[in-house]
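Since the structure comes first, as structure tokens, the remarks are kept for the end.
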Amino acid sequence: DGGHSEGSLIQAKDGKLYGMAKGGGSGSGVIFSLEVATSLYTHLHQFNSLRLQSPEGDLLQASDGKLYGAINRGIYQDTGGLFSFNPKTAIYTRLTNFDPSSLDRPGNTLIEVTECNDKKTYYRDRDNDGFGAHADLVESCSQPNGYVENDEDCNDTNAASHSGAIEVCNAFDDNCN
């Protein structure tokens with residue numbers, strides 16, 4: 001069902017191997033999957049020679065779970081385009097055709113770019129009391145496991161000692177004052 005595979009197989013989050021082949025089907029190319037445990041080959045999508053054809057390079061599974069790829073030939077002669085394929089729903093979506101006046105054929109590798117313009121400071125919470133240590137911090141776009149947004153722990157090895165604790169008459173500074 002597919003021939004002339006020029007890209008690598010990728011193992012997706014569902015455990016299957018996915019790839020593309022330029023030949024197969026009507027000769028315009030296919031997307032396929034391969035079950036690792038059973039070696040079951042499944043023809044998932046056949047490219048249409050009138051629109052987008054000749055898939056090239058590697059698929060990319062993005063954070064949204066979809067597979068993304070490039071096509072070597074599109075609606076404009078000798079140009080390509082980009083597509084997405086959802087392995088859960090088997091829905092193929094043509095994303096764009098490249099205009100030959102502004103762009104040549106696409107390359108073989110796609111990357112996912114995520115931007116972060118709003119980094120926050122998070123503080124390590126070793127004792128899991130909800131209060132972090134001022135000296136142990138990271139800046140990140142998302143909260144890492146084991147980190148909190150406040151730095152109000154004066155003893156991050158004792159969960160009973162933090163800025164919200166009640167001071168008890170003992171040898172420790174329970175409420176960090």
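Just so it is clear, the values below take in all heavy atoms, side chains as well, and ignore hydrogens, waters and symmetry mates. Throughout, residue positions are numbered sequentially from 1 according to the sequence presented.
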Within this structure, what is the CZ-OG distance for the pair Arg94 and Ser84, rounded to the nearest 0.5 Å? 11.5 Å
For Glu35, is there an ion pair with Lys16 - N to carboxylate O distance below 4.0 angstrom? yes
Between CG on residue Leu59 and OH on residue Tyr68, distance to nearest 0.5 Å: 12.0 Å
Treating Asp151 as the side-chain partner and Ala133 as the backbone partner, does any N or O pair qualify as donor plus acceptor under 3.5 Å? no
For Glu149 and Gln143, what are the C-alpha separation, side-chain angles and deciding distance, and is it a side-chain contact (heavy atoms from CB on, under 4.5 Å)? CA-CA 8 Å; Glu149 291 186 21; Gln143 186 171 342; 4.1 Å; yes
Decide if atom CG of Leu40 counts as having more than 12 heavy atoms of other residues, nucleotides or ligands within a radius under 6.0 Å. yes
For Ser142, does its backbone N or O pair with a side-chain atom of Ser140 as donor and acceptor, under 3.5 Å? yes
N/O donor-acceptor pair under 3.5 Å between Asp127 side chain and Ala159 backbone: yes
Apply side-chain contact (heavy atoms from CB on, under 4.5 Å) to residues Phe85 and Leu44 and explain how you reach the verdict. CA-CA 9 Å; Phe85 181 81; Leu44 299 171; 3.7 Å; yes
Taking a hydrophobic cluster as the set of Ile, Leu, Val, Met, Phe, Trp and Tyr residues connected by side-chain heavy atoms closer than 4.5 Å, whether directly or through intermediates, do Tyr41 and Leu17 fall within one such cluster? yes
Closest non-hydrogen atom pair between Val36 and Gly15, with its separation: CG2-O, 3.3 Å
Is there a side-chain contact between Pro144 and Val138, using heavy atoms and a 4.5 Å cut-off? yes
Under 4.5 Å between side-chain heavy atoms, hopping through other hydrophobics if needed: is there a path connecting Ile91 to Tyr18? no
Quick check: closest heavy atoms across Val30 and Gln46, and the distance to 0.1 Å? CG1-CA, 4.3 Å
Phe83/Tyr92 aromatic ring centres below 6.0 Å: yes
Looking at Asp136 and Arg126, does any basic side-chain N land under 4.0 Å from a carboxylate oxygen? yes
Could you grab the distance from atom NZ of Lys66 to atom OG1 of Thr93, nearest 0.5 Å is fine? 5.5 Å
Looking at Lys13, I'd like to know if its NZ atom is crowded, meaning that more than 12 non-hydrogen atoms belonging to other residues, nucleotides or ligands lie closer than 6.0 Å. yes
Indicate the ring-plane relationship of His134 and Tyr123, choosing parallel, tilted or perpendicular according to the 30° and 60° boundaries. parallel
dist Ile10:CD1 -> Leu67:CG (nearest 0.5 Å) comes out at 5.0 Å
Rounded to the nearest 0.5 Å, how far does SG of Cys141 lie from OH of Tyr122? 8.0 Å
Give the minimum heavy-atom separation between Pro87 and Gly65, together with the two atoms involved. CD-O, 3.6 Å
Let me confirm one number: the CG-CG distance from Asp125 to Asn150, rounded to the nearest 0.5 Å. 8.0 Å
Honestly curious: do Tyr147 and Phe131 fall in one hydrophobic cluster under the side-chain, below-4.5 Å linking rule? no
